Asker: 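Next up is a structure, given as structure tokens.
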Amino acid sequence: MSDIIAAIDVGTTKICTFIAEASPEGRLRLIGAGRVRSQGLRRGVVVNVSAASQAIAESIELAEHEAGTTIRNAYVGIVGGHISSHNGDGAVAIPRGRSITRQDVERALDAARAIPVPSDREIIHTIARSFTIDQQEGVQEPIGMHGYRLEVNAHIITGATAAISNLVKCIQSNGVAIEELVLEPLASGEAVLTADERDMGVALADIGGGTTDVAIFLEGSVWHTIVLDIGGDNLTRDLAVGLRVPFDTAEQLKIRYGHALPDWVAEDENVSAAAFGDAQSQPISRRYIAEILEARTEEILHLIQREIKRSGYDGLLPAGVVLTGGSAQLQGAKELGRAIFRLPVRTGAPEGIANAHRQWLTPAHATGMGLLLWGLRHGPSESVRRSSPLVPNVREWLQGLLPG
Ligand SMILES: Nc1ncnc2c1ncn2[C@@H]1O[C@H](COP(=O)(O)OP(=O)(O)OP(=O)(O)O)[C@@H](O)[C@H]1O
Ligand SMILES: [Mg+2]
């Protein structure tokens with residue numbers, strides 16, 4: 001029987017639930033998807049538990065209906081300005097005469113984790129960046145090797161307990177247990193980066209509605225993560241203010257006609273929209289729209305660049321920058337990125353999931369699709385396996401009832 005993996009991406013602008021079947025060969029097939037407009041979130045963080053729970057419930061229902069199955073566990077994305085990260089080391093002794101086991105690696109990671117964390121913060125991930133066995137540095141896979149001392153260099157990601165608890169509450173109130181909370185850019189990375197890019201060195205920037213999340217990958221694993229409190233909503237708000245139009249009108253103008261490079265838009269091209277207080281639509285210069293968008297897009301890209309520089313890995317990214325998230329779809333963003341970063345830049349859309357409709361394979365769904373892939377790569381965990389018999393696939397169950 002296939003394992004079921006479920007993912008919930010609680011974004012600032014939209015909430016998505018995805019349900020996939022994992023084949024014994026380790027391939028994912030999407031069987032259900034639900035997307036609703038977000039409620040109760042600000043800049044990636046839950047600010048109204050009941051509104052967010054309700055919206056999450058709707059997205060789960062849509063996905064379950066399509067999949068013909070119910071979910072009990074899900075991988076859930078977490079993001080927000082409260083996230084911070086640092087690197088730490090942990091070392092353990094290996095008893096004489098035996099090779100290193102998974103338990104030794106876990107003990108080393110526990111040692112790296114054993115740092116004082118303020119009482120209002122919690123560790124979300126402890127990710128091994130590299131290992132040292134005795135004097136040998138840069139070991140990627142220590143299990144099975146011999147040595148007396150195993151040291152891990154880990155990337156430790158923490159978040160505010162209150163923000164984490166509120167998100168957990170929203171999910172659990174829908175009868176869904178959290179399989180794992182996954183930092184959103186790490187999930188997005190699963191869906192849009194190639195193994196080559198991760199090995200060579202790449203920065204992933206997920207520019208969503210409320211946040212911009214950056215993760216730097218080197219030698220196959222994550223080395224640095226940053227969450228910035230800025231995103232596509234800022235672009236829309238700038239347009240709404242600059243053009244004196246309602247937010248929803250500005251959002252439509254941005255998506256249909258937006259461009260990050262005014263020079264690429266014909267000077268005399270006009271679009272029409274009704275401003276506040278106007279009953280009728282007025283012509284608006286498309287180049288003016290682009291000028292407004294250019295300023296903020298530049299700011300976001302400069303902030304990404306500043307964080308990459310601050311990480312100290314800026315010279316180590318031959319694969320450049322991969323832009324994803326809904327705002328990566330803004331025309332001209334990639335080209336503006338190339339000019340600012342002076343690195344290769346591409347737009348990343350999710351890959352690696354069969355049976356997914358085209359609409360789910362867009363940059364805005366990198367996190368949701370990536371959560372499924374994260375579940376596949378880091379699981380299916382014991383609890384998914386354990387829960388599988390409790391979560392029968394309704395179609396299989398029905399087939400079991402049918403004669404012959
Ligand atoms: N074609 C487009 N051009 C420009 N912007 C776009 C386009 N399509 C979507 N967007 C923008 O993408 C943003 C939403 O992106 P996404 O769905 O990745 O965000 P989210 O996951 O809800 O939010 P976050 O990750 O920040 O919590 C919105 O600001 C939207 O306006
Ligand atoms: Mg998002």
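It should be emphasised that the depicted structure is a prediction, and the values quoted were computed from it without experimental measurement. Start at 1 and go down the list; that is how both ligands and their atoms are numbered. Atoms considered below: every heavy atom in the structure, side chains included; atoms not considered: hydrogens, waters and symmetry mates.
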Asker: N/O to N/O below 3.5 Å, does that happen between Q329 and ligand 1?
Answerer: yes
Asker: May I ask you to list the atoms of ligand 1 that are less than 4.0 angstrom from any heavy atom of G325?
Answerer: 18 (O)
Asker: Distance alone, cut at 3.5 Å: any donor-acceptor contact between the side chains of S84 and R121?
Answerer: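 There is such a pair (donor and acceptor under 3.5 Å, judged by atom type) between the side chains of S84 and R121.
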Asker: May I ask you to identify the nearest protein heavy atom to atom 22 (O) of ligand 1, giving residue, atom name and distance to one decimal place in Å?
Answerer: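 Here the closest protein heavy atom is T13 OG1, 2.6 Å.
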Asker: Students should be able to answer this: which protein heavy-atom is nearest to atom 5 (N) of ligand 1, and at what distance?
Answerer: K254 CE, 3.6 Å
Asker: With heavy atoms of G210 as the reference, note each atom of ligand 1 found under 4.0 Å away.
Answerer: 23 (O), 24 (P), 26 (O)
Asker: Determine, step by step, whether W360 and F18 satisfy the ring-ring contact (aromatic ring centres under 6.0 Å, His included) criterion, reporting the C-alpha distance in whole Å, the side-chain angles of both residues, the deciding distance to 0.1 Å, and the verdict.
Answerer: CA-CA 10 Å; W360 307 122; F18 293 118; 5.2 Å; yes
Asker: Is it true that R35 and E58 make a salt bridge, defined as a side-chain N closer than 4.0 Å to a carboxylate O?
Answerer: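 Between E58 and R35 there is no salt bridge, as every charged N stays at least 4.0 Å from the carboxylate O atoms.
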Asker: Tell me the nearest of G332, G326, A260 to atom 6 (C) of ligand 1, using heavy-atom distances.
Answerer: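 Heavy atom nearest to atom 6 (C) of ligand 1 belongs to G326.
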Asker: Name the residue from D9, T362, I353, V192 that meets the side chain to side chain contact (heavy atoms under 4.5 Å, CB included) definition with M369.
Answerer: I353
Asker: With no hydrogens and no angle check, do the side chains of H224 and S85 hold a donor and an acceptor under 3.5 Å apart?
Answerer: no
Asker: Looking only at protein heavy atoms, identify the closest one to atom 21 (O) of ligand 1 and say how far it is in Å.
Answerer: K14 NZ, 2.9 Å
Asker: Which bit of E251 gets closer than 4.0 Å to ligand 1, counting heavy atoms only: side chain, backbone, both or neither?
Answerer: side chain
Asker: Using a plain distance cutoff, I'd like to know if G209 has any nitrogen or oxygen under 3.5 Å from a nitrogen or oxygen of ligand 1.
Answerer: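 Checking ligand 1 against G209, an N or O pair does fall under 3.5 Å apart.
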Asker: Check each atom of ligand 1 against the heavy atoms of L330 and keep those under 4.0 Å away; list them by number with element.
Answerer: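 Every atom of ligand 1 under 4.0 Å from some heavy atom of L330: 3 (N), 4 (C).
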Asker: At the 4.0 Å heavy-atom cut-off, does S327 count as touching ligand 1?
Answerer: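 A heavy atom of S327 does come that close to ligand 1.
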Asker: Could you tell me, atom by atom, which parts of ligand 1 come under 4.0 Å of a heavy atom of D233?
Answerer: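 The list of qualifying atoms is 29 (O).
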Asker: Using the rule side chain to side chain contact (heavy atoms under 4.5 Å, CB included), only one of V222, D89, N87, L218 pairs with R129; which is it?
Answerer: N87
Asker: For the ring pair H86 and W223, is the centre-to-centre distance below 6.0 Å?
Answerer: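 Not under 6.0 Å, so no.
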Asker: Any chance the side chains of T367 and S188 put a donor and an acceptor closer than 3.5 Å?
Answerer: yes
Asker: Could you list the atoms of ligand 1 found under 4.0 angstrom from a heavy atom of T211?
Answerer: 24 (P), 25 (O), 26 (O)
Asker: Report, in ascending order of atom number, the atoms of ligand 1 lying under 4.0 Å from any heavy atom of G232.
Answerer: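 The atoms of ligand 1 under 4.0 Å from a heavy atom of G232 are 29 (O).
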Asker: Specify the protein heavy atom at minimum distance from atom 27 (O) of ligand 1: its residue, its atom name, and the distance to 0.1 Å.
Answerer: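 For atom 27 (O) of ligand 1, the nearest protein heavy atom is T12 OG1, 2.6 Å.
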Asker: Could you check V265, V271, N270 and say which one makes a side chain to side chain contact (heavy atoms under 4.5 Å, CB included) with Y257?
Answerer: V271
Asker: Salt bridge check, D110 against R113: does any charged N sit closer than 4.0 Å to a carboxylate O?
Answerer: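 A salt bridge is present here (some side-chain N lies under 4.0 Å from a carboxylate O).
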Asker: Give the numbers and elements of all ligand 1 atoms closer than 4.0 Å to a heavy atom of A364.
Answerer: 17 (O), 18 (O)
